[in-house]
Amino acid sequence: MKSVRVLSVVSEISPLIKTGGLADVTGALPIALKAEGIEVRTLAPGYPSVMNSLGPVEGVLHLPHFFGGEARLLWATCCELRLFVLDAPHLFARAGNPYLTPDGVDWPDNALRFAALARTAADIGLGVVPSFVPDIVHAHDWHAALALAYLHYSNRRRPATVMTVHNLAYQGVFPREMLAAIGLPPESFAIHGVEYYGKIGFLKAGLYFADRITTVSPTYAREILSDEGGMGLGGLLRERSCDLSGILNGVDTSVWDPATDPHIPGCFYADMPSCFESDVLENRAANKAALQRRLGLKPAPDAFLLGVIGRMSRQKGLDLLLENLETIASEGMQLVVLGSGDRGLQYRFSAAAQANPERLSVSIGHDEGLAHLIQAGVDALVVPSRFEPCGLTQLCALRYGTVPIVSRVGGLEDTVIDAGDLAVTGGKQTGFKFGPATAENLGGVLKRACATFHDVAAWRRIQSNGMSTDVSWRNPARRYANLYRRLVELPQEKVA
Ligand code: GLC
């Protein structure tokens, strides 16, 4: 079979640089695609953490006077990933996170920074590195999206293109005055170009020019066609719906492996037969006890222990959980929260935890080890998102015998099976779902799940079903591979 070469263009890639699930996906997918005969190289910005982890450099291309400074394109291999790195210290060698200053505001030159990334991607696509000329340029999220506009306006024979949306809420919108600075021609500022409500829309441009668009679940692919879910891009996405598909994410099952997880005291096997072996129960009990101890919760083996891991933002619906703290207390449940984000939510959660430390523990920040212990030790993981393109924590939960309680949106809808869906799915309940995402509905599902938790046999069946769900990258990687293959066989037509 002909090997397909793909340039993946990203702002985040695990384990080098991560602020969210995007990095997990862009870090795991190239490795899974190798097994499908797809050769992926990833272009990422030379943030400090990326530069510090690079192994021996295999090649260098100097880029003098590049977006206001001296830059270099490097290629190297790191943690099984074949990388191109845009080493442009004037754009990327900064403290803070990839998008925000240490004070939490957008870097004022974000348009230039991500235009530079995208320009480099387009140049690689057009053959500037002769040893790797990709058949496909695959842009992830707005940070990479402008690559597809540069390729279009190059007016040269170009590789095929794919645009993947991980979250439509982040669109990369900048003033029109930036057009010359980012090196796009005046005619590109049009509805059939990069113009978006009178400004420059990076994601809009990517969605407009991509040969194919994907997002990270089939349900989210439908949701974003509506005016509400489309967040300003619904009209364009409806026009492009024939080229849009949803491919679910997987998780890296070597990192999320309850049999070998170094962060948990009680390891157990996930891929066991349908019966739920006593080892799993015992080891999960040890993990629950360790978690309660570590976080100072009351050591209560029979309390229904809920966990939440994720960004504290409106999207994630954590305010709905705050409104249910009384229900949680009155039903004898406990709750552990790990995440950071919105300062108001952080404050409210922390205050509530101080008032009730035996039942509620809140850890602000990012702690990979604690995230693993939570997955291995809580009884149920709550994901009450208002929208969720895919969601990854519920997939880890399934693998760890933790029962997901999720809202009926996006990838949550596609990856969790509720008892209510039995007619369709044939008795394979793996979790609990509620919708629409309101505090009242969340309260209802928590009570329903708590009642089932106390029915030991029923709960074990749900855990066992979840643990036999395939959450690996195998199937998703095959879908991406098929998409790429179909795409390179197609004759490429210029977009009007
Ligand atoms: C974003 C989305 C999340 C998705 C992840 C990876 O973080 O919010 O739902 O799982 O990207 O695709």
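Residues take their numbers from the sequence shown, with the count starting at 1. Start at 1 and go down the list; that is how both ligands and their atoms are numbered. Because the structure is a prediction, the values reported are computed rather than measured.
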List for me each residue that meets side-chain hydrogen bond (donor to acceptor under 3.5 Å, both in side chains) alongside Arg348, sequence neighbours excluded, and say none if there are none.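 Listed in chain order: nothing, the list is empty.
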Steps toward side-chain hydrogen bond (donor to acceptor under 3.5 Å, both in side chains) verdict (Arg284, Thr402): CA-CA 9 Å; Arg284 282 194 53 87; Thr402 292; 3.2 Å; yes
Counterpart residues, side chain to side chain contact (heavy atoms under 4.5 Å, CB included), relative to Thr214 (two or more places apart):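 Thr214 satisfies side chain to side chain contact (heavy atoms under 4.5 Å, CB included) with Val162, Thr164, Ser245, Ile247, Tyr480, Leu483 once adjacent residues are dropped.
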Mind checking what makes side chain to side chain contact (heavy atoms under 4.5 Å, CB included) contact with Thr19, not counting sequence neighbours?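 In terms of side chain to side chain contact (heavy atoms under 4.5 Å, CB included), with neighbours along the sequence ignored, Thr19 is linked to Glu12, Asn97, Pro98, Tyr99.
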Who's touching ligand 1 if we go heavy atoms under 4.0 Å?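 Within 4.0 Å of ligand 1, the protein residues are Gly21, Leu22, Val25, His166, Asn167, Val216, Asn249, Arg311, Gln315, Glu388, Pro389, Cys390, Gly391, Leu392.
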Would you check if there is a donor-acceptor pair between the side chains of Thr415 and Gln394 at a distance under 3.5 Å?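 Judged by distance alone, the side chains do pair up.
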Does a side-chain N-to-carboxylate-O contact under 4.0 Å join Asp342 and Arg311?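 Judged by the 4.0 Å cut-off on N to carboxylate O distance, Asp342 and Arg311 do not form a salt bridge.
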